[in-house]
J.: 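Sharing a structure, written as C-alpha cells. Questions coming.
Below, chain A is the first sequence line, B the second, and so on; all start at residue 1.
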There are 2 protein chains.
Amino acid sequence: MPATPTARWTDHAFAALSEHGHRAGGARTAVVEALGRRGGCVDADELVGALRRGGKRVGVASVYRALALLAELGVLQRVPVAGGSARYELVGPGGDHHHHLVCDDCGATAAFEDEALERAIGRLSRRTAYAVQAHDVTLHGTCPDCQRS
Amino acid sequence: MPATPTARWTDHAFAALSEHGHRAGGARTAVVEALGRRGGCVDADELVGALRRGGKRVGVASVYRALALLAELGVLQRVPVAGGSARYELVGPGGDHHHHLVCDDCGATAAFEDEALERAIGRLSRRTAYAVQAHDVTLHGTCPDCQRS
DNA sequence: GTTCCTGCAAAGGTTTTGCACCATA
DNA sequence: TATGGTGCAAAACCTTTGCAGGAAC
C-alpha cells in the first residue's frame, strides 16, 4: 500500500525546487507533474514519450536535466538497472522508505517495506567502518505473471 | 576477510567454461586470468586497459563477450552502477555470498556478509508473490579515508 | 577440417554538452 | 531586465553487432 499520495509529492518537489532558488520553467514543471501523475519507476525515455503524447514540446536534454536536478535535491532517486536506461523513483516528504522486487523475465518492479530487514541493516551499519547514510535492497526473481507462463 | 583465494576462482571459471563446451581462446583466457589476479569489482574498460598494458592485443568486443559469458555461467556477477560503466565481480565455487558498502565520495567498495540480514531477506522472500531467486544489498556512505578529510 | 573465438570497425542506444533563444522572477 | 531554463543538434559515452581471418579441439 502506497503511503504517500502522489499529489503530495508534486508539492514537495516544487517546494524543494523553489527553496533552492530554482525557477519553474515549462519543461521542469511538466516533468514534475508527469512524475506525480505516474508514480515512481519511470525511465527518461518513457517520460519524454508521455510528455510529448500529452502535447508538450519538451527536449530530451531538459528532461535529463530536470531528473538530475530532482535527484540532487533528494526528491527523486536514481535506480541503476542492468543493461537498460536508468529509472527514477519518487522520494516522499517523509523520506519514504522502501525497496524493490524486480522480475528478471519482464522487468516489472514492485515495492515493499520490511521492519526486520531495516533493523538488520541498522545494526549492521553501526558495526562497519563506513559512515552509512543510505542503503538499497533489490530482490530478483520472477513475477506472478511470468510464473504462469 | 576474503574467504576465497582468487587462484581458486580462476580454476573454477575455466572449469565452468569447459564444462559447457566453450573453448579457451586467447582473449577469454586473458580475461579470466586478469580477473583472478585483480579480484572482483572491475569494469570492462579497466580490464581492457590492464590487459593491453600487460601486452595483450585484445579487442574491446572480446572482453565484453567474455564478461557476458562468464556472467551467464554464474562465475561472475554484473553489478549495475549509477552513472558509469557496469562492474563485474567474482562469484566463487561455493556460491560465495556477500554484499557491498560503497563510498559515495570516492567510489571505494568493501564487501561484507551478515547472517541476520540474510535471514530477514529469506523470510521476506517467502512472503512475496514473486519467486525470489537472488538479492543484492548495497550500503551507501563514507569510507574511513574520506571521513578523515 | 570444422567449429568457434577473435580483433577490427561500424552501429546502436543512452546520456551529456554547446549554444542561441525565450521565459521566469 | 538579468538570470537561468529551454529546445535542438551534435558529441560523448558504453555496449553490441557484422564480418573476415585465425585458432582450438
J.: Compare the minimum distances between each of D:dA9, C:dC8, D:dT6 and the side chain of A:Ala27, then state the nucleotide with the smallest one.
T.: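 Side chain of A:Ala27 sits closest to D:dT6.
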J.: With the side chain of A:Val58 defined as its heavy atoms from C-beta on, choose the nearest nucleotide among D:dG7, C:dC8, C:dT16.
T.: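 Minimum distance to the A:Val58 side chain belongs to D:dG7.
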J.: Quick one: which of D:dC25, C:dT15, D:dT15 gets closest to the side chain of B:Ala24?
T.: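 Minimum distance to the B:Ala24 side chain belongs to D:dC25.
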J.: Which nucleotide in the list D:dG18, D:dT15, D:dT6 gets nearest to the side chain of A:Arg28?
T.: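 Of D:dG18, D:dT15, D:dT6, D:dT6 is nearest to the side chain of A:Arg28.
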J.: In terms of side-chain geometry, is the basic nitrogen of B:Asp145 or B:Arg148 positioned less than 4.0 Å from the acidic oxygen of its partner?
T.: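 Salt bridge flag = yes for B:Arg148 with B:Asp145.
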J.: Mind listing the closest non-hydrogen atom pair of B:Ala13 and B:Val32 along with its distance?
T.: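 Result for this residue pair: CB-CG1, 3.9 Å.
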J.: Tell me which nucleotide among D:dT15, C:dT15, C:dA9 gets nearest to the side chain of A:Val60.
T.: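 Taking heavy atoms from C-beta onward, the closest nucleotide is C:dT15.
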J.: Check the distance between D:dT6's C1' and A:Leu69's CG and give it to me in whole angstrom.
T.: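 In whole Å, D:dT6 C1' and A:Leu69 CG are 14 Å from each other.
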J.: Could you please name the option among C:dT16, C:dC4, C:dA9 that lies closest to any side-chain atom of B:Arg23?
T.: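 Closest nucleotide to the B:Arg23 side chain: C:dC4.
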J.: Return the 5'-most residue of the pair B:Arg52, B:Gly21 with respect to DNA chain C, ranking by each residue's nearest nucleotide.
T.: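 Per heavy-atom nearest nucleotide, the more 5' residue is B:Gly21.
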J.: Can you measure A:His20 atom NE2 to D:dG5 atom P for me and round it to whole angstrom units?
T.: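 Result: 13 Å.
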J.: Indicate the atoms forming the closest heavy-atom contact of B:Arg78 with B:Tyr88, along with that distance.
T.: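 In this case the closest contact between B:Arg78 and B:Tyr88 is NH1-OH, 3.6 Å.
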J.: Using whole Å, report how far OH of A:Tyr64 lies from C1' of D:dA12.
T.: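 Atom OH in A:Tyr64 sits about 13 Å away from atom C1' in D:dA12.
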J.: Does a side-chain N or O of A:Ser62 approach OP1 or OP2 of D:dG5 to a distance below 4.0 Å, or not?
T.: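 The answer is no; no side-chain N or O of A:Ser62 sits under 4.0 Å from OP1 or OP2.
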J.: What is the separation between atom CG on B:Leu70 and atom C1' on C:dC5, rounded to the nearest whole Å?
T.: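 About 14 Å, once rounded to whole Å.
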J.: Distance check needed: C:dT14 C1' versus A:Asp43 CG, whole Å only.
T.: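 One finds 10 Å between C1' of C:dT14 and CG of A:Asp43, rounded.
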J.: I need the CZ-P distance between A:Arg57 and C:dC21, as an integer number of Å.
T.: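 One finds 17 Å between P of C:dC21 and CZ of A:Arg57, rounded.
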J.: Out of D:dA9, C:dT15, C:dC8, which nucleotide sits closest to the side chain of A:Ala86?
T.: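 Taking heavy atoms from C-beta onward, the closest nucleotide is C:dT15.
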J.: Would you indicate which nucleotide in D:dT16, C:dT15, C:dT6 comes nearest to any side-chain atom of B:Arg78?
T.: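 From the listed options, D:dT16 comes nearest.
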J.: Whole angstroms only, please: what is the CD-C1' distance between A:Glu72 and C:dT15?
T.: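 Nearest whole value for this atom pair: 16 Å.
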J.: Do the non-hydrogen side-chain atoms of A:Leu69 and A:Leu17 ever get within less than 4.5 Å of each other?
T.: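 SC-SC contact between A:Leu69 and A:Leu17 confirmed.
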J.: What I'd like to find out is whether the side chain of A:Asp114 reaches to under 4.5 Å of the side chain of B:Arg123, using heavy atoms alone.
T.: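 With C-beta onward as the side chain, the pair stays apart.
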J.: Between atom NE2 in A:His22 and atom C1' in D:dT3, what is the gap in whole Å?
T.: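 Checked: the NE2 to C1' distance equals 13 Å.
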J.: Is it the case that D:dG4 (base atoms only) and A:Arg65 (side chain only) share a donor and an acceptor within less than 3.5 Å, ignoring hydrogens and angles?
T.: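 Donor-acceptor pair under 3.5 Å: no.
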